[in-house]
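Here the structure comes first, spelled out in structure tokens, and everything after it is commentary.
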Amino acid sequence: MRIFNTLTNKLEEFVPIHEDTVNMYVCGPTVYNYIHIGNARPVIFFDVVRRYFEHKGYTVNFVSNFTDVDDKVITKALEDEMSELEVANKFIEAFYRDAQRVGSSTKYLAPRVTEYMSSIISYIERLVEKDYAYQVDGDVYFRVGKIDDYGILSGRKVEDLKEGARIDVNSRKENPLDFTLWKSTDVGITWPSPFGEGRPGWHTECVAMINDIFGGKIDIHGGGSEIKFPHHENEIAQAKALDGTNIANYWMHNGQLNIDDKKMSKSEGRIVLVKDLDHDYMGFRLFSLSTHYRSPINYTDDILDSYVKDWDRTRRVYKQSYYSLDLKDALEVKSEQTPELKGIELKFMDAMDNDFNTANAITELQNLVKYTNQILRKSDTEHALKAAIELFDTFFRILGLDPGVTKLSATDKAIYMEWADARRNKEFDKADRLREKLQERGIL
RNA sequence: GGUCCCGUAGCCAAGUGGCUAAGGCAAUGGACUGCAACUCCGUGACCGCCGGUUCGAAUCCGGCCGGGACCUCCA
């Protein structure tokens, strides 16, 4: 299985640190608002990464944090006259709801910054002890100049960065590239520390948590490409300062989601929240996985609509197959693999093995849709249909898609039989009434 | 200004040196059908432009045009 490692910019064969286990960490949201569809992209993609590793038999230790202390959280708390904790709780709850709506599992470890304050503080202390960080009036900054290959992840050179850096007149930093580890402040929530009252900068939480939870280097560190620099670069710098590692063997970054070919912008009204997607969550998930994760993806209502239709088609054939067996009480029939199904399965897994090429995997899902529709039109295909359903189940489990189909009740079956009889007897008025009933029940 | 990415049919999108360039949506012709819906079969591409490398390029190199990201809080 190959993964594109953004640390080396190469496709690399995946070799876990511990056999049969994948330790992965994905940078999570800052919880000061409802998540938008751009936030949902890594939530969906890395969920699929985990699902695929699990499909391959790995135990996956998946961790994704909540940044619950930060300027934006504090500002929001002041605006809404709530405590930071209340703001965080509100939006963490909303996050879980939205994540589940788009089909992502929320059963993973989700540490909060506020729960790891002592780890973060001691991490900073150790950086100071090793002289990789310095204190100025209660602030603590990281000394970027001490890291030889700073810029290794984002492919930047320190000289280039200096040219682009803004000149901060009141800077207390030795070097404009140095970043804040601890910020002295009296606005909003603060914690006592050896450096004074204040709160941590953004860049230390992830490394401190990874250190605490995993006790060292992990297999995969993921996140959006826009936080490659400076956030992930700074994580690497800190870890390198403390123990000389890159924290993770494989770095994975997903591309951005744009709206109308432009970056999302709250101020320009170009933003779509997950909670406002109405009921098109599975269509959105399909859309989100239809472009390779490293490429940018463009959202418009029309584009989403075409995937909503595609998903309708997919769940419809699944539903029809399932019900056609259920109506004959044949759901437990022995499945019989066909060469076509085998070919579809192999190509699907090949695509996933090749750096999680979900776009090509979805093509195989679509091929499965077409093939299943073909056998559905033929008679005496129960065994192949059962195999097709099983393959759908596998694909759905890996991609996190849920067709929401369950067994028919005795009443459902009775109405269906009555409808079939009425049609056979050409009692069309009666048939139409029954058809309507079946449609209401979501069976047709 | 610095660093980097992308440009494939009306729309979305795979493919990154070699059979007739996947797949979906839309459109359109046909089949099926009590009417619908669904479904099936068929129909669509001078791969942004110009030049180069090569026996051979959508794929590699150079230039141009167009779009975008990061460098600054932002997933």
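Chain A is the first sequence line, chain B the second, and so forth, proteins listed ahead of strands; every chain is numbered from 1. All values below come from the heavy atoms of this structure, side chains included, with hydrogens, waters and symmetry mates left out.
A donor-acceptor pair shorter than 3.5 Å cannot be found between the side chains of A/N373 and A/Y371. In this model, no donor atom of one side chain and acceptor atom of the other lie less than 3.5 Å apart for A/H232 and A/H203.
Under 4.0 angstrom from either OP1 or OP2 of B/C40 there lies at least one side-chain N or O belonging to A/N373. Remark: A/K370 is in phosphate contact with B/G24, judged by side-chain N or O atoms under 4.0 Å from OP1 or OP2. Close to B/C4, at under 4.0 Å from its OP1 or OP2, lies no side-chain N or O of A/N9. Distances shorter than 4.0 Å separate some side-chain N or O of A/R313 from OP1 or OP2 on B/C25. A sub-4.0 Å separation between OP1 or OP2 of B/C70 and a side-chain N or O of A/Q256 is present. In terms of phosphate contacts, A/K228 brings no side-chain nitrogen or oxygen within less than 4.0 Å of OP1 or OP2 of B/C71. Within the structure, a side-chain polar atom (N or O) of A/K309 is placed less than 4.0 Å from OP1 or OP2 of B/A26. Listed pair A/K319 / B/C38 fails the phosphate criterion, with no side-chain N or O lying under 4.0 Å from OP1 or OP2.
Nucleotides B/C19 and B/C12 have their C1' atoms positioned 27 Å apart, rounded to a whole Å. Across B/A45 and B/U20, the matching P atoms stand 16 Å from one another, rounded to whole Å. B/C46 and B/A9 have their P atoms separated by 9 Å, given to the nearest Å. Straight-line distance between the C1' atoms of B/G68 and B/A31: roughly 46 Å, to the nearest whole Å. For the C1' atom pair drawn from B/U16 and B/C6, the interatomic distance equals 14 Å after rounding to whole Å. B/U59 and B/G15 have their P atoms separated by 15 Å, with the value rounded to a whole Å. Taking the C1' atom of each, B/C61 and B/G10 are spaced 33 Å apart, rounded to whole Å. Using P as the reference atom, B/C64 and B/G56 are 26 Å apart when rounded to the nearest Å.
The nearest whole Å value for the distance from the NZ atom in A/K262 to the C1' atom in B/A69 is 15 Å. Put simply, CG on A/L257 is 13 Å from C1' on B/G68, counting in whole angstrom units. Rounded to whole Å, atom C1' of B/C11 lies 13 Å from atom CG of A/D260. Computed from coordinates, the A/Y293 OH to B/A14 P distance equals 13 Å when rounded to whole Å. Atom-to-atom, CZ of A/F45 to C1' of B/A75 comes out at 14 Å; the value is rounded to the nearest Å. Atom pair A/N258:CG and B/A75:P shows a separation of 15 Å (rounding to whole Å applied). Rounded to an integer number of Å, the gap from CG of A/D261 to P of B/G67 is 11 Å. Distance A/N254 CG to B/G68 P: 20 Å, rounded to the nearest Å.
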*Please assess A/H221 against A/C27 for the test side chain to side chain contact (heavy atoms under 4.5 Å, CB included), listing each intermediate value before the final yes or no.*
CA-CA 8 Å; A/H221 192 131; A/C27 287; 3.6 Å; yes
*Yes or no on side chain to side chain contact (heavy atoms under 4.5 Å, CB included) for A/F395 and A/I344, after CA distance, side-chain angles and deciding distance?*
CA-CA 11 Å; A/F395 289 180; A/I344 289 168; 3.8 Å; yes
*Could you walk me through whether A/R397 and A/H55 pass the side chain to side chain contact (heavy atoms under 4.5 Å, CB included) test, one step at a time?*
CA-CA 9 Å; A/R397 198 176 59 246; A/H55 169 80; 3.5 Å; yes
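Nucleotide B/G10 forms a pair with B/C25, judged by Watson-Crick or G-U wobble geometry with both contacts under 3.5 Å. Base pairing analysis places B/C40 opposite B/G30; the two distances defining the Watson-Crick or G-U wobble pair are each below 3.5 Å. With a 3.5 Å ceiling on both atom-pair distances, the Watson-Crick or G-U wobble partner of B/C49 is B/G63. Across all strands shown, B/G56 forms no Watson-Crick or G-U wobble pair with both distances under 3.5 Å. Base pairing annotation: B/G1 forms a Watson-Crick or G-U wobble pair with B/C71, both donor-acceptor distances under 3.5 Å.
The side chain of A/T363 lies closest to B/G23 when the candidates are B/A26, B/C74, B/G23. The listed nucleotides are B/G68, B/A36, B/G15; the one nearest the side chain of A/Q439 is B/A36. Side chain of A/H36, nearest nucleotide from B/A14, B/C38, B/A75: B/A75. Residue A/A431 places its side chain closer to B/G34 than to any other of B/G34, B/G68, B/C11. Taking only side-chain atoms of A/N360, from C-beta outward, the nucleotide of B/A69, B/C25, B/G15 with the closest atom is B/G15. For A/Y307, counting side-chain heavy atoms from C-beta on, the closest listed nucleotide (B/C40, B/C70, B/C12) is B/C12. Listed nucleotides: B/C70, B/G23, B/A26. Nearest to the side chain of A/F229: B/C70. Comparing B/G68, B/A75, B/G23 against the side chain of A/Q366 picks out B/G23 as the nearest. The side chain of A/H292 lies closest to B/A14 when the candidates are B/A31, B/A75, B/A14.
Residue A/D305 is out of contact with every strand shown, counting any heavy-atom pair closer than 4.0 Å. Using a 4.0 Å heavy-atom cutoff across all strands shown, A/N39 reaches at least one base atom of the nucleic acid. Across all strands shown, A/E364 has no heavy atoms under 4.0 Å from either base or sugar-phosphate atoms. Note on A/R316: only backbone sugar-phosphate atoms sit closer than 4.0 angstrom, heavy atoms only; bases stay farther off. Using a 4.0 Å heavy-atom distance criterion, A/I362 is classed as making no nucleic acid contact. Contact annotation for A/K426: no contact, since no heavy-atom pair falls under 4.0 Å across all strands. If you check every strand for non-hydrogen atoms under 4.0 Å, A/D432 touches a base. Residue contacts shown for A/R435 include a base, since a base heavy atom lies under 4.0 Å away. Heavy atoms of A/E226 sit under 4.0 angstrom from at least one base atom.
Checking A/G223 against A/S295, the closest nucleotide of RNA chain B that is more toward the 5' end is the one next to A/S295. Annotation: of the two residues near RNA chain B, A/Y32 and A/D429, the 5′-most nearest-nucleotide partner is A/D429.
Ionic pairing of A/D429 and A/R433 is not present here: no N-O contact between side-chain nitrogen and carboxylate oxygen is shorter than 4.0 angstrom. Contact check on A/R435 versus A/D432 returns a salt bridge, with a Lys/Arg side-chain nitrogen under 4.0 Å from an Asp/Glu carboxylate oxygen. Ion pair A/E390/A/K386 flagged as a salt bridge, since at least one NZ, NE, NH1 or NH2 atom sits closer than 4.0 Å to an Asp/Glu carboxylate oxygen. For the pair A/K262 and A/D260, the salt-bridge criterion is not met [side-chain N within less than 4.0 Å of a carboxylate O].
Ring pair A/Y299/A/F287 is perpendicular by interplanar angle, where above 60° counts as perpendicular and below 30° as parallel.
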